[in-house]
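For clarity, every value in this text was computed on a predicted model and none was experimentally measured. Convention: sequence-line order gives letters A, B, ...; per-chain numbering from 1.
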Amino acid sequence: MTPWLFLLSSPEQAGAEPLPELLARSGHPVVAVATDDFVVDAVHGRADALRECGVEVLFDDAALVRRGLRDRVAPAARLTHHDIAARALDGRTRVVWR
Amino acid sequence: MRSRDILVTLLGSPHESDALGTALSLASAMLDQGAAVGVWACGNATLISQSGLERDKPRNVFARDVDYPTSALFVEELLARHPGRLDWAVCHFCSHERGATEHIDGVRTRPAMFYPRFVGAAGRTITVGRL
């Protein structure tokens, strides 16, 4: 199964199609990194909905800091941009920005 | 066309959200990790590399000692820090339609029909924003 990395930025775009959920339910390993405005939706329930479908949800630490939401997310789930870049450059992973 | 590990396609308006800034920061982080990165700017994203933007934004009256670099300076410094590993291209049609005809050194203006070549030469492509 192909690993997928979703960089979820826009609540509108990310909510328009449940691609991460569908891929995860199909058995693909799916990681979603919430960034930009999507972190607000994510900490207020969207992350739980994704996790229920089998998606691993992580957060862009810088986006959390800018929105005062850093204390809402466990340290292990917060990624720097260098962490995200390393995941995006993994040779096997397909990367999608929404 | 040189092969690139990743192509970052920038669409839409640079200031409508944080997306473009985040994408540039991620591109910078990928370059720091040794990746070869291509950037293709379309639509209003062609505006960020204009030479007319100069180097610093107007002084903040509440923080006079702080420099706020323009997007053009950010791009210029990325190109300077990673020679040979960052290709930055702007769509000719989008650029000229907006009067953004002068770009900083190192940024190349390319016809829209070159875009498939950029995609084909990249290991993967992410598309940021909407036109």
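Among A:V96, A:T80, A:D90, the residue with the largest count of heavy-atom pairs under 4.5 Å with chain B is A:D90. The candidate with the highest count of non-hydrogen atom pairs below 4.5 Å against chain B, out of A:D83, A:L7, A:T93, is A:T93. Among B:I6, B:D32, B:D5, the residue making the largest number of heavy-atom pairs under 4.5 Å with chain A is B:D32. Between chain B and the residues A:L89, A:V95, A:I84, the largest count of heavy-atom pairs under 4.5 Å involves A:L89.
The structure places NE2 of A:H82 at 5.5 Å from CD of B:Q33, a figure rounded to the nearest 0.5 Å. With rounding to the nearest 0.5 Å, the separation of CD1 in B:I126 from CZ in A:R94 is 15.5 Å.
Contact residues of residues 20-40 of chain A toward chain B are A:T35, A:D36 (heavy-atom distance under 4.5 Å). Among the residues in residues 49-63 of chain B, none has a non-hydrogen atom closer than 4.5 angstrom to a non-hydrogen atom of chain A. When the heavy atoms of residues 20-28 of chain B are compared with those of chain A, the residues falling under 4.5 Å are B:T22, B:A23, B:S25, B:L26, listed by number. Residues of residues 41-74 of chain A that come within less than 4.5 angstrom of chain B, heavy atom to heavy atom, are A:D60, A:R66, A:R67 in numerical order.
In the hydrophobic clustering of ILVMFWY residues, with side-chain heavy atoms under 4.5 Å counting as a link, B:F74 and B:V8 come out together. In the hydrophobic clustering of this structure, A:W97 does not group with A:F6; members are Ile, Leu, Val, Met, Phe, Trp, Tyr whose side-chain heavy atoms approach within less than 4.5 Å, directly or through other members. Residues B:M113 and B:F118 are members of one and the same hydrophobic cluster, defined by side-chain heavy-atom contacts under 4.5 angstrom among Ile, Leu, Val, Met, Phe, Trp and Tyr. Cluster annotation: B:V37 is connected to B:I104 through the hydrophobic network of ILVMFWY side chains, with a link wherever side-chain heavy atoms come within less than 4.5 Å. B:M30 and B:V75 fall within a single hydrophobic cluster, where Ile, Leu, Val, Met, Phe, Trp and Tyr side chains are chained together by heavy-atom contacts under 4.5 Å.
A pairwise comparison of heavy atoms in B:R124 and A:A88 identifies NH1-O, 2.7 Å as the closest pair.
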